[in-house]
Colleague: 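If you scroll down you'll find the structure; I have some questions about it.
Letters A, B, ... mirror the listed sequences (proteins, then strands); counts begin at 1. Reckoned from all heavy atoms, side chains included, excluding hydrogens, waters and symmetry mates.
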Protein chains: 2
Amino acid sequence: MRAVAARLGTGPMTLYNYVADRAALDALVVDGVLRGITIPHSPSSDWRVDVRGLAEELWRAVRPHPNAIPLVLARRSQSETFLDAAEALLAALARSGLDGEDLLVAFRAVTTLAAAFAQTELTGPLSARNGGADATIDRFRSLPTERYPRLIEIAGVARTSTPEAEFRRGLEALLDGLQQKFTQRR
Amino acid sequence: MRAVAARLGTGPMTLYNYVADRAALDALVVDGVLRGITIPHSPSSDWRVDVRGLAEELWRAVRPHPNAIPLVLARRSQSETFLDAAEALLAALARSGLDGEDLLVAFRAVTTLAAAFAQTELTGPLSARNGGADATIDRFRSLPTERYPRLIEIAGVARTSTPEAEFRRGLEALLDGLQQKFTQRR
DNA sequence: ACCTGAACACCGTTCAAGT
DNA sequence: ACCTGAACACCGTTCAAGT
């Protein structure tokens, strides 16, 4: 609150004329981030490209704002921005044939994957391309080999992989699973 | 810091003899939560039951501590507790045949799904069984039907589904996808 | 060497007074 | 009615003094 007020050149209390709470300001922050998502005007013929597109929009929108990601995951903001993006993603997922609880779960899994992969990339140790990541990766790689063989293996991989590729792979695996879920049911 | 110190009956500064930082204390919190995970002594013959078991352990360990979940997702703590649990999950995933970047991505997707589903359940609007969730679900259900049909559909589902079932379904879909990823490759 | 109170620079918010 | 400064009850951490 105080930081925002200072940036606007007023005292802290002035904000309370526009916002009820710190929580309400958090909601506006999330809203601002989600406003970066572009929703296609009309769906394509392939639900998978639509879901992938929206998931990547979310991932891209969220990535420049690591501190806001926990707020996004906690689902602050039920503004139109959020509702429209959610409905668009749900519509794309539903075109795969999923409905009911499967649809709810698919929605949660996809949004969660996008937000959490972005966060892990930016604050987690097991990823390339963030300040100090190399140091952490080296620490992992110097662990006792007999005890942590797989950890060492993926720490090696993390040195050269890109966040884009990692997210893309995770998303494709999830979409495969969701598609198969529907196929099994019919 | 001050709250912990007060609970221990000392002044705030005493903690600094045991801990470098607020960040170090956060790491201990995450560590305490992860210590609730039970790692089987020896793997079973089915990688899927092992991965599922460990993922559910993580989900269960994290669920009573909603405020710590963002810290878990941000990967504080590289203690033995964390390393051992991570290695056990990686070993189980590797027994599916995945390796390299696939293994890294699978690890991230599974841990992320467990932590984030627990968090969404506890702080998010789209889930049953948390104080005030019914109110939020009702709000969703009273949205304009033509504009948000799918949102309304899943809000209806959320009224009666359980967190356990939702997480289980999401996890199974992801595991299907990971399994298929390996099958496709050979 | 180990411990810790006072003090500092921050928070979000209440309350009362300003226009 | 709309706005906002002073003040309160909190933070994490530095610094200096205690044993």
Colleague: Please find the earliest and latest nucleotides of DNA chain D, in the 5' to 3' direction, that have an atom within less than 4.0 Å of any heavy atom of chain B.
Modeller: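 Result: dC11(D) to dC15(D).
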Colleague: Can we say Glu80(B) and Arg147(A) salt-bridge, meaning some charged N sits less than 4.0 Å from an Asp/Glu carboxylate O?
Modeller: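 Arg147(A) and Glu80(B): salt-bridged.
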Colleague: What nucleic acid atoms does Met13(B) come within less than 4.0 Å of, heavy atoms only: base, sugar-phosphate, or nothing?
Modeller: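 Base, at least one base heavy atom under 4.0 Å.
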Colleague: Want to settle it: does Tyr16(A) or Ala3(B) sit nearer the 5' end of DNA chain D, counting the closest nucleotide to each?
Modeller: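 In this pair, the answer is Tyr16(A).
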Colleague: If only atom types and distance count, is the side chain of Thr111(B) paired as donor or acceptor with the main-chain N or O of Arg108(B) below 3.5 Å?
Modeller: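 Judged by distance alone, yes, a pair lies under 3.5 Å.
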Colleague: Under a cut-off of 3.5 Å for both distances of each Watson-Crick or G-U pair, what dot-bracket string does DNA chain C give, using [ ] for crossing pairs and | for inter-strand pairs?
Modeller: ||.|||||...|||||.||
Colleague: Between Asp50(A) and Ser44(A), is there a donor-acceptor pair closer than 3.5 Å when you use the side chain of the first and the backbone of the second?
Modeller: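 Flag set: sc Asp50(A) to bb Ser44(A) pair under 3.5 Å.
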Colleague: side-chain contact (heavy atoms from CB on, under 4.5 Å), that's the test. Do Ser161(B) and Leu104(A) meet it? Break it down for me.
Modeller: CA-CA 10 Å; Ser161(B) 67; Leu104(A) 167 64; 4.1 Å; yes
Colleague: Does Glu57(A) reach the main-chain N or O of Thr38(A) with its side chain, forming a donor-acceptor pair under 3.5 Å?
Modeller: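 Side chain of Glu57(A) to backbone of Thr38(A), a donor-acceptor pair under 3.5 Å: yes, one is there.
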Colleague: For residues 148-169 of chain A, which residue pairs pass the ring-ring contact (aromatic ring centres under 6.0 Å, His included) check, not counting sequence neighbours?
Modeller: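 The answer is Trp59(A)-Phe167(A).
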Colleague: What residues in residues 18-32 of chain A put a non-hydrogen atom under 4.0 Å from any atom of DNA chain C?
Modeller: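 The stretch gives Asp21(A), Arg22(A) as the residues lying under 4.0 Å from the strand, ordered by number.
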Colleague: For Asn17(A) and for Arg2(A), find the nucleotide of DNA chain D with the closest heavy atom, then tell me which residue's nucleotide is more 5'.
Modeller: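 Checking each residue's closest nucleotide, the 5'-ward one belongs to Asn17(A).
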Colleague: Looking at Glu153(A) and Arg141(A), does any basic side-chain N land under 4.0 Å from a carboxylate oxygen?
Modeller: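 No, Glu153(A) and Arg141(A) are not salt-bridged.
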Colleague: Tell me if a side-chain donor or acceptor on Glu87(B) pairs with a main-chain N or O of Leu151(A) at a distance below 3.5 Å.
Modeller: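 Yes; at least one donor-acceptor contact below 3.5 Å.
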Colleague: If you look only at pairs with a residue in residues 8-35 of chain B, which of them pass as a side-chain hydrogen bond (donor to acceptor under 3.5 Å, both in side chains), with sequence neighbours excluded?
Modeller: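 Sorted pair list: Arg22(B)-Asp26(B), Asp31(B)-Arg35(B), Asp31(B)-Ser79(B), Asp31(B)-Thr81(B).
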Colleague: Suppose we screen for ring-ring contact (aromatic ring centres under 6.0 Å, His included). Which residues come up paired with Trp47(A), at least two apart in sequence or across chains?
Modeller: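 None.
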